[in-house]
Amino acid sequence: MNNRRLLVTSALPYANGHIHIGHLVEYIQTDIWVRFQKLAGQRCVYICADDTHGTAIMIRARQEGISEEELIAKMQQAHVADFAGFDIEFDHYGSTHSEETREVCIEIWSALRKAGLVEEREVVQLYDTQAGTFLADRFVKGTCPNPACHSPNQYGDSCDKCGLHYNPTDLIDPVSTLSGSKPEIRKADHLFVNIEKLHGFLEEWTQGGGHLQPEVANYLKGHFLCEPLHDWDVSRPAPYFGFEIPDSPGNYWYVWFDAPIGYIGSTKQWCQRYGEDFHRWWRSAETEIHHFIGKDITYFHTLFWPAMLKTGNFSLPKKVHIHGFLTVNGEKMSKSKGTFIRAATYLEHLDPSYLRYYYASKLSSGVDDIDLNFDDFINKVNSDLVGKVVNIASRTARFLERSGLSVMYPEDGGLFEEAVRDGKAIAEAYDSGDFSRAMRIIMAAADRANRYIEEHRPWEMAKQREGEASAARQVQDVCTVGLNLFRQIAIYLAPVLPRLARLTSELLDDPILRWDQAQRPLVGSRVRKFQHMMQRVDPKRVEAMVTASAEPVDFDSTPETTAATDDDAAVRAEPIAGTINFEDFAKVDLRVARVLAAEDVAGAQKLLKLTLSLGGENQRTVFAGIKGVYQPHDLVGRLVICVANLAPRKMKFGLSEGMIVAAGGPGSECYLLSPDLGAKPGQRVH
RNA sequence: GGGCCCGUAGCUCAGCGGUUAGAGCAGGGGACUCAUAAUCCCUUGGUCGCAGGUUCGAAUCCUGCCGGGCCUACCA
């Protein structure tokens, strides 16, 4: 396993949005893996870049009134800053909008042509004459073509009301979301890659060689490779922000064609910068290529990408590491709930080490989703990192400020050796991507260290009369053991917590640079004055971060949303009730009703007597506690909502056969609900 | 509609065919006071989503169902 050459990539973030905590799962995961490999002595290069092309970028630049180049430059700057804030250390961070990427695109394209894999076909699409562009499905809205549905305001691919799938050209009254104008149907020639011709190769590559996690290989086999592969549409007609296809003027490569090529383009830039031989990295069996991606882009990285590399005569990935998605508190990230947290927002409130450790403690080599649960997050970080790990240094280093570490490593009951043996298992876990296993082993070592200190009670010996050399030496020995156990742990955690490794290096005046430093105890060296290495997580800061994230500060919000300025007084006064299922809800029969008559009830302080019509002969007498808020003559004729199947209740003034619904707290304001225009008495509310 | 993944103690997860199912955190009791109310010892707590099947033996394999997450859509 020694002396490997590794070229590692994370998926290229799209230049249309900011980095958020969901993205960070992948970059932190990759960074930990890379740092581990480097620490272990491998030659390892971490390459990434911004993904900059496509319609979305073009549109966004127009909206902001700047050029695409300005937009992507601005975004790249923001991305780089976010990554740096989380200690994600790329060897090179480039852009797909580069000459190097263009060169490689041309190279692979020529190879595809030469291999006879490119075909031209006509595609019918909607075209926005005002914006001067073809419209992707999501840029068209109209009425659902299903005669039984006809829901308005549906996207160009399917109806979210009836579920029908159709072509954007089938929409009734289609409207471009870009200009609001009515698009026209136009034809254009597109270029397709016939990857079915590489079916045999893809079958072999995906199913063997350990290039993919077993569940991924299985998934591809069952769903793509069991039948002919579809041609891949890789061109888009002008206008389009991207690279124009040299032998097909007016057509551009689709963003997903050049995005992965950005891995190679960015490596090329790195090679030029450091005088490396490009061919040794991308066209040589001596280099292992490792891609880290999310499961949503499996398809591109495990079928198209290997097909392109193979045809272009580049090295194929040794492994594509696929991770799941992030949920927050068990749910998909939500802008309104404040769980859609941008990297920059996180950094304003919390230490990046917390998130790095938390993700590490949850990541396995599988494709499972991981959940960020804030209570768990606070507990885990405080208890594992501050209570256990940092605590070891905190309770021993102070005793060694004067004496330094013992000159000979003392007898420790085999603890140091035990942790040396752990190092092997931890290294294997890191290498295989099973970080949560590594964290578990490390925390067990931390528990042993704390127990050791507890049992040997250095503080008692320290209290003994001054001048007792033997007692002083005992304190020194016990703390030398404790601090060495801590140092091992800091080395093992260095891929996850580079900051802690740096602080440990400073404390012991001995830089942590290599994994195998954990195999030999440090002796005789001085110990600097101890300072806190990590603060506990303050739950208030987490809360503040969520609150800050709930504000609609991002550029991505859809135009339909309104900035919410309402306060939460009502919800605080009366908290949301426990969850019910649909059946519970369905038991309540709410109906539209018209007020036929309304009268004061003699002797009653709050009640009005209402006669309601549910249409036809259906009439109800209802006593409602709204006297003083509504005048009887204002109610007659209006529509209200009533609970139609509520058990009748005998009241002092007569039988009430239902209830009308109103908003507002008890005894305070009261607002009757009424249906929108067009509702008829007797209609049920669903 | 199709698919992938998950469902084990209050919470987060490990175990993935073989002794009485484990850990951390939280809860309860005690000890200690060097340490960022940290640490140490003891302890409560589980029909391993449900129902069938395979097996000498199933949390672990198979089938179906239920619940959750996610992806995708004339492409699966």
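All chains are named by letter (A, B, ...) in the order of the sequence lines, taking the proteins before the strands, and each is independently numbered beginning at 1.
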Could you grab the distance from atom [atom1] of [X] to atom [atom2] of [Y], nearest 0.5 Å is fine?
| X | Y | atom1 | atom2 | answer |
| --- | --- | --- | --- | --- |
| A:E119 | A:D231 | CD | CG | 5.5 Å |
| A:N382 | A:Q535 | CG | CD | 10.5 Å |
| A:Y357 | A:I442 | OH | CD1 | 8.0 Å |
| A:H321 | A:Q213 | NE2 | CD | 8.0 Å |
| A:S406 | A:R473 | OG | CZ | 9.5 Å |
| A:L400 | A:R528 | CG | CZ | 14.5 Å |

Is the phosphate of B:U36 approached by A:R398 (side-chain N or O, under 4.0 Å from OP1 or OP2)?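 Indeed, a polar side-chain atom of A:R398 lies that close.
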Would you mind telling me which of [options] lies closest to the side-chain atoms of [X]?
| X | options | result |
| --- | --- | --- |
| A:F325 | B:U36, B:U12, B:C71 | B:C71 |
| A:N450 | B:U33, B:U36, B:U39 | B:U39 |
| A:S394 | B:A35, B:C40, B:C32 | B:A35 |
| A:I453 | B:U36, B:U33, B:C34 | B:C34 |
| A:R451 | B:U36, B:A38, B:C41 | B:C41 |
| A:N373 | B:G24, B:U12, B:U36 | B:U12 |

Gap in Å between the two [atom1] atoms, one belonging to [N] and one to [M], rounded:
| N | M | atom1 | result |
| --- | --- | --- | --- |
| B:U54 | B:C42 | C1' | 43 Å |
| B:U44 | B:A23 | P | 11 Å |
| B:G10 | B:U20 | C1' | 24 Å |
| B:G1 | B:U47 | C1' | 37 Å |
| B:A26 | B:U43 | C1' | 14 Å |
| B:C66 | B:C50 | P | 15 Å |
| B:G2 | B:G49 | C1' | 24 Å |
| B:C62 | B:C6 | P | 11 Å |

Check each residue of residues 434-442 of chain A for a non-hydrogen atom within less than 4.0 Å of any atom in RNA chain B, then write out the ones that pass by number, or none.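 When residues 434-442 of chain A is checked for heavy atoms under 4.0 Å from RNA chain B, the hits, listed by number, are A:R437, A:R440.
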I'd like to know whether A:D431 forms a side-chain contact (heavy atoms from CB on, under 4.5 Å) with A:W33, so could you lay out the CA-CA distance, the side-chain angles of the two residues, the decisive distance to 0.1 Å, and finally the verdict. CA-CA 7 Å; A:D431 189 50; A:W33 199 77; 3.9 Å; yes
Using a cut-off of 4.0 Å on non-hydrogen atoms, how would the nucleic acid contact of [X] be classed: base, sugar-phosphate, or nothing?
| X | value |
| --- | --- |
| A:R536 | base |
| A:M443 | nothing |
| A:D447 | sugar-phosphate |
| A:V390 | base |

Tell me, do A:W232 and A:L303 make a side-chain contact under 4.5 Å, heavy atoms counted?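 Result no, sub-4.5 Å side-chain heavy-atom pair not found.
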Considering only heavy atoms from C-beta outward, does the side chain of A:L135 approach that of A:Y127 to under 4.5 Å?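 A:L135 does not reach A:Y127 side chain to side chain.
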Once you round it to whole Å, what is the distance between [atom2] of [N] and [atom1] of [X]?
| X | N | atom1 | atom2 | result |
| --- | --- | --- | --- | --- |
| A:F192 | B:C75 | CZ | C1' | 12 Å |
| A:N382 | B:C11 | CG | C1' | 15 Å |
| A:Y299 | B:C71 | OH | P | 16 Å |
| A:H456 | B:A35 | NE2 | P | 20 Å |

Requiring both pairing distances under 3.5 angstrom, list the stems that contain RNA chain B and are made of three or more consecutive Watson-Crick or G-U pairs.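 Stems (3+ consecutive pairs) listed as B:1-7 with B:66-72, B:10-13 with B:22-25, B:27-31 with B:39-43, B:49-53 with B:61-65.
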Cation-aromatic face contact A:R398/A:F530, 6.0 Å, 45 degrees: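 Checked: cation-pi criterion not met.
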A:L229 vs A:K197, test: side-chain contact (heavy atoms from CB on, under 4.5 Å). Steps then yes/no. CA-CA 9 Å; A:L229 295 161; A:K197 288 187 178 167; over 6 Å; no
Using the closest heavy atom to pick a nucleotide of RNA chain B for each, name whichever of A:H532 or A:I370 lands nearer the 5' end.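 Nearer the 5' end of the strand: A:I370.
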With nearest nucleotide decided by heavy atoms, which residue, A:N379 or A:L229, maps closer to the 5′ end of RNA chain B?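 The residue closer to the strand's 5' end, by nearest nucleotide, is A:N379.
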Protein-to-nucleotide contact annotation, 5' to 3' order, nucleotides 3-9 of chain B [B base; S sugar-phosphate only; - none; under 4.0 Å, heavy atom]: SSS----
Between A:Y27 and A:F86, does the ring centre distance come in under 6.0 Å?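 No, they do not, as the ring centres are separated by 6.0 Å or more.
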Intermediate values then yes/no, ring-ring contact (aromatic ring centres under 6.0 Å, His included), A:H323 and A:F292: CA-CA 8 Å; A:H323 62 81; A:F292 285 80; 8.3 Å; no
